[in-house]
2 protein chains.
Amino acid sequence: MSEHGFFTSTSHWIDKLQENGYRLTGPRRAVVETMANSRYVLSPMEIYQQARKLHDKLGLVTVYRTLEKLEQMQLIQRVHRPSDCQAFVASPPGHNHLLICEDCGQVEYFNGDPAAMEQFIARVGSRSGYRVKNHWLQLFGRCAACQEKMSS
Amino acid sequence: MSEHGFFTSTSHWIDKLQENGYRLTGPRRAVVETMANSRYVLSPMEIYQQARKLHDKLGLVTVYRTLEKLEQMQLIQRVHRPSDCQAFVASPPGHNHLLICEDCGQVEYFNGDPAAMEQFIARVGSRSGYRVKNHWLQLFGRCAACQEKMSS
DNA sequence: TTTTATGCAAAGTATTTGCACGGGA
DNA sequence: TCCCGTGCAAATACTTTGCATAAAA
């Protein structure tokens with residue numbers, strides 16, 4: 001487990017990298033550490049700035065290239081918000097949905113009710129003649145910490 | 001009603017523009033006609049190319065500026081897909097969800113079950129301490145026409 | 001006549017690519 | 001040693017802005 005007790009850990013990410021034939025380098029490790037230990041939605045530039053504290057010589061290009069690999073391996077996911085979709089967050093294993101704080105970018109994961117969801121999708125699909133293959137469900141709001149911040 | 005019998009019509013859009021103090025110009029009309037009569041997800045460049053058939057002197061910049069206004073007036077909405085969020089589609093009045101064809105970009109609208117959705121959101125919210133303010137639900141699949149295209 | 005809207009060109013921003021060098025395995 | 005990964009710089013793609021002209025009201 002990471003120092004924060006998150007659902008995922010740096011060592012698991014590193015194992016995954018190696019399983020996929022990728023080398024473990026200093027710059028890559030810095031990006032991995034940053035993403036694996038954060039539950040916040042981060043842009044490539046923010047990831048770059050944070051990861052540079054762990055590896056000063058890191059270049060922004062390497063951030064882009066590493067994010068691409070992590071996304072392919074499904075360790076991170078691209079997060080879509082009303083005005084942007086260039087930000088990323090660590091992804092727990094399996095299908096999940098996001099609850100995102102509009103103020104600070106913190107993310108919670110939830111699963112919904114898979115059976116109910118499937119039934120609902122089947123209904124919409126048959127009504128429209130579509131074959132539905134995938135779905136997105138995302139909630140936006142304000143996390144507990146940001147609610148307190150606002151009221152004080 | 002538009003010539004295609006869609007949920008929306010060019011004249012309604014033009015009324016809205018004027019209610020909001022915007023002038024009705026040739027370029028603007030071309031973009032409005034294009035968006036009001038399409039149920040396909042279109043990028044700014046695609047809108048530009050289609051609208052230019054209606055007004056040759058149209059510039060791409062005007063497309064961007066017009067889309068911005070139409071989005072503010074909620075006549076169109078930005079559509080998010082796994083790899084991009086720079087495309088737009090006409091929006092019916094009120095809250096709605098999208099079912100998008102991954103092949104051709106055609107869009108269907110649906111409402112879900114508002115009561116069930118609210119209850120579900122309340123449950124997720126209370127569990128996490130979030131105050132949920134908004135949600136997105138989108139389905140991706142293949143429309144009837146594209147299914148036929150594939151099987152032949 | 002007054003003010004908004006337009007198109008062009010230029011600037012700005014974000015992301016990707018080419019390439020010689022450096023470092024992991 | 002071999003080859004993947006890196007950073008820099010340049011190229012690309014997309015979007016926004018400044019400004020003089022054109023057109024709506």
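The structure displayed is predicted, hence computed values, not measured ones. All chains are named by letter (A, B, ...) in the order of the sequence lines, taking the proteins before the strands, and each is independently numbered beginning at 1.
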task = Output the single nucleotide from C:dT15, C:dT6, D:dT6 whose closest atom is nearest the side chain of B:Thr25.
result = C:dT6
task = Counting heavy atoms from C-beta on, name the nucleotide in C:dT6, C:dG7, C:dT15 closest to the side chain of B:Leu58.
result = C:dG7
ask   = Do the two ring centres, one from A:His80 and one from A:Trp136, sit under 6.0 Å apart?
value = yes
request  = Please check if the distance between the ring centroids of B:His97 and B:His135 is under 6.0 Å.
outcome  = yes
request  = Salt-bridge test for B:Lys133 and A:Glu102: reply yes if a basic N is under 4.0 Å from a carboxylate O, no otherwise.
outcome  = yes
Measure from [atom1] on [X] to [atom2] on [N] and round the result to the nearest Å.
{"X": "B:Ile47", "N": "D:dT15", "atom1": "CD1", "atom2": "C1'", "value": "14 Å"}
{"X": "A:Asp56", "N": "D:dG7", "atom1": "CG", "atom2": "P", "value": "11 Å"}
{"X": "B:Glu68", "N": "C:dT4", "atom1": "CD", "atom2": "P", "value": "16 Å"}
{"X": "A:Glu71", "N": "C:dT15", "atom1": "CD", "atom2": "C1'", "value": "14 Å"}
{"X": "A:Met45", "N": "C:dA14", "atom1": "CE", "atom2": "C1'", "value": "9 Å"}
{"X": "A:Tyr22", "N": "D:dT6", "atom1": "OH", "atom2": "C1'", "value": "16 Å"}
{"X": "B:Lys57", "N": "C:dA5", "atom1": "NZ", "atom2": "P", "value": "22 Å"}
{"X": "A:Leu60", "N": "D:dG7", "atom1": "CG", "atom2": "P", "value": "10 Å"}

Check the phosphate of [N] against [X], side-chain N and O only, distance under 4.0 Å to OP1 or OP2. Yes or no?
{"X": "B:Gln18", "N": "D:dA25", "result": "yes"}
{"X": "A:Gln86", "N": "C:dA14", "result": "no"}
{"X": "A:Tyr64", "N": "C:dT15", "result": "yes"}
{"X": "B:Thr62", "N": "C:dA5", "result": "no"}

inquiry  = With nearest nucleotide decided by heavy atoms, which residue, A:Val61 or A:Arg28, maps closer to the 5′ end of DNA chain D?
reply    = A:Arg28
remark   = Between B:Gly21 and B:Tyr48, whichever has its closest DNA chain C nucleotide further toward 5' is B:Gly21
query = Any sub-3.5 Å donor-acceptor pair from A:Arg78's side-chain atoms to A:Cys85's backbone N or O?
reply = yes
ask   = Do B:Cys104 and B:Cys143 have their SG atoms less than 2.5 Å apart?
value = no
Check: C:dT3 base within 3.5 Å donor-acceptor of B:Arg23 side chain = yes
request  = Ignoring hydrogens and angles, answer whether the base of D:dG7 and the side-chain atoms of A:Arg65 contain a donor-acceptor pair closer than 3.5 Å.
outcome  = yes
